[in-house]
Amino acid sequence: MLLKDKVVVITGASRGIGRAVALECAKHGAQVVIGHSGSATGQAAAASLIHEIKELGQDAIEVGGDAANLDTGKILIERAVQAFGKVDVFVNNAGICPFHSFLDMPQDLYMQTVNTNLNGAYFAVQAAANQMKKQGHGGSIIAISSISALVGGAMQTHYTPTKAGLLSLMQSCAVALGPFGIRCNAILPGTIATDINKDDLSDLEKLESMTKRTCLGRLGTPEDLGGPVVFLASDMARYVTGASLLVDGGLFVNLQ
């Protein structure tokens, strides 16, 4: 119960990594605020997740809103405070990765990706930080960046800069928010099998190649991110800030 009595807000929490993280936080005693897109599908998935969390003996609410909207983060934090009275942990997980070539990248696709992955995240982190400062007892902010913050991708020229930006944001916020006891860290997942990359991994040859490149011989699952998030959110990581944690099965270090 590493997060007993803590309130955890997670963006993009209705599916994939966000959903797995929400469940793991609940297992460790947290009350959870589930941020999602606001679509009918997102609402249904969030409702199902709330049911699972309540079966674990914890409480949860869902808040719909487009992550690309610069005001969504503020609304999410306000709803969290209304429901639970505080915010202890903020996990910025929402993101998109629509693969596209560089030379004919449409402006609207580029802006949608940057607004969703980075610009919306910036102001969501700001809203969470202001609430934590107001409360006066510190907090933990975690950004789900990516191994793509460290390496390139021909079909991800709009995506990789946003993930590098999240990593840099956590480093700078660690400096800016340290005086208030607010810790800021980034998690860098490798290839995690989720809806976001299922089309890409449907290529069996590429799937086999990506799997062989990991030291552990398998792709990641959303559940593999739960433990690292709980650790960084908990008091066990009370002296960890400005850090980045690769959760990639050894993909990054395997150059051979």
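As the structure is a computational prediction, the values presented were derived from the model and not from experiment.
The two residues Ile182 and Ala129 have their closest heavy-atom pair at CD1-O, 3.7 Å. Shortest non-hydrogen contact noted between Arg183 and Asn185 is NH1-ND2, 3.8 Å. Annotation for Pro222 and Ala193: closest pair CD-O, 3.7 Å, computed over non-hydrogen atoms.
One N or O on the side chain of Asn254 and one on the backbone of Arg213 form a donor-acceptor pair closer than 3.5 Å. Judged by distance alone, with hydrogens and angles left aside, the side-chain atoms of Thr116 form no donor-acceptor pair with the main-chain N or O of Thr113 at under 3.5 Å. The closest donor-acceptor contact from the side chain of Gln31 to the backbone of Asp59 lies under 3.5 Å. No donor-acceptor pair closer than 3.5 Å links the side chain of Gln58 to the backbone N or O of Lys27. A donor-acceptor pair under 3.5 Å is formed between the side chain of Asp248 and the backbone N or O of Phe252. Put simply, the side chain of Asp224 never gets that close to the backbone of Gly220: no donor and acceptor are under 3.5 Å apart. Using modelled atom types, one side-chain atom of Arg19 and one backbone atom of Ser14 make a donor-acceptor pair closer than 3.5 Å. Between the side chain of His158 and the backbone N or O of Pro98 there is at least one donor-acceptor pair closer than 3.5 Å. Thr11 places a side-chain N or O within 3.5 Å of a backbone atom of Asn93 that can act as its donor or acceptor partner. In terms of modelled atom types and a separation under 3.5 Å, the side chain of Thr211 and the main chain of Leu219 share no donor-acceptor contact.
Defined by atom type and a distance below 3.5 Å, a donor-acceptor pair is missing between the side-chain atoms of Glu78 and Gln82. When only modelled atom types and interatomic distance are considered, Gln43 and His36 share no side-chain donor-acceptor pair under 3.5 Å. No donor-acceptor contact under 3.5 angstrom links the side chains of Ser140 and Arg238, judged on distance only. With no hydrogens or angles considered, no side-chain donor-acceptor pair links Ser39 and Thr41 at under 3.5 Å.
More than 12 heavy-atom neighbours from other residues, nucleotides or ligands sit within 6.0 angstrom of CE on Met155. More than 12 heavy atoms of other residues, nucleotides or ligands sit less than 6.0 Å from atom CD of Glu55. By the neighbour-count criterion of 12 heavy atoms within 6.0 Å, atom NE2 of His137 is densely surrounded, having more than that number from other residues, nucleotides or ligands.
Residue Lys163 forms a side-chain contact (heavy atoms from CB on, under 4.5 Å) with just one option from Cys97, Ser145, Pro189, Ser168, and that option is Ser145.
Atom CG of Leu23 and atom NE2 of His28 lie 11.5 Å apart (nearest 0.5 Å). Here OH of Tyr110 is found 10.0 Å from CZ of Phe102. Values are rounded to the nearest 0.5 Å. Interatomic distance, CG of Asn92 versus CD1 of Ile142, reported as 11.0 Å (0.5 Å rounding). Note: Thr162 OG1 to Ile96 CD1 = 8.5 Å, rounded to the nearest 0.5 Å.
Val89 and Met170 are assigned to two separate hydrophobic clusters, defined by single-linkage of ILVMFWY side chains at heavy-atom distances under 4.5 Å. Phe84 and Ile77 fall within a single hydrophobic cluster, where Ile, Leu, Val, Met, Phe, Trp and Tyr side chains are chained together by heavy-atom contacts under 4.5 Å.
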- Message: Evaluate Lys86 against Asp5 for salt bridge (Lys or Arg N to Asp or Glu O under 4.0 Å), listing each step before the verdict.
- Response: CA-CA 10 Å; Lys86 62 174 183 170; Asp5 299 326; over 6 Å; no

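Proximity of Val7 to Val81: side-chain heavy atoms (C-beta onward) are nowhere separated by under 4.5 Å.
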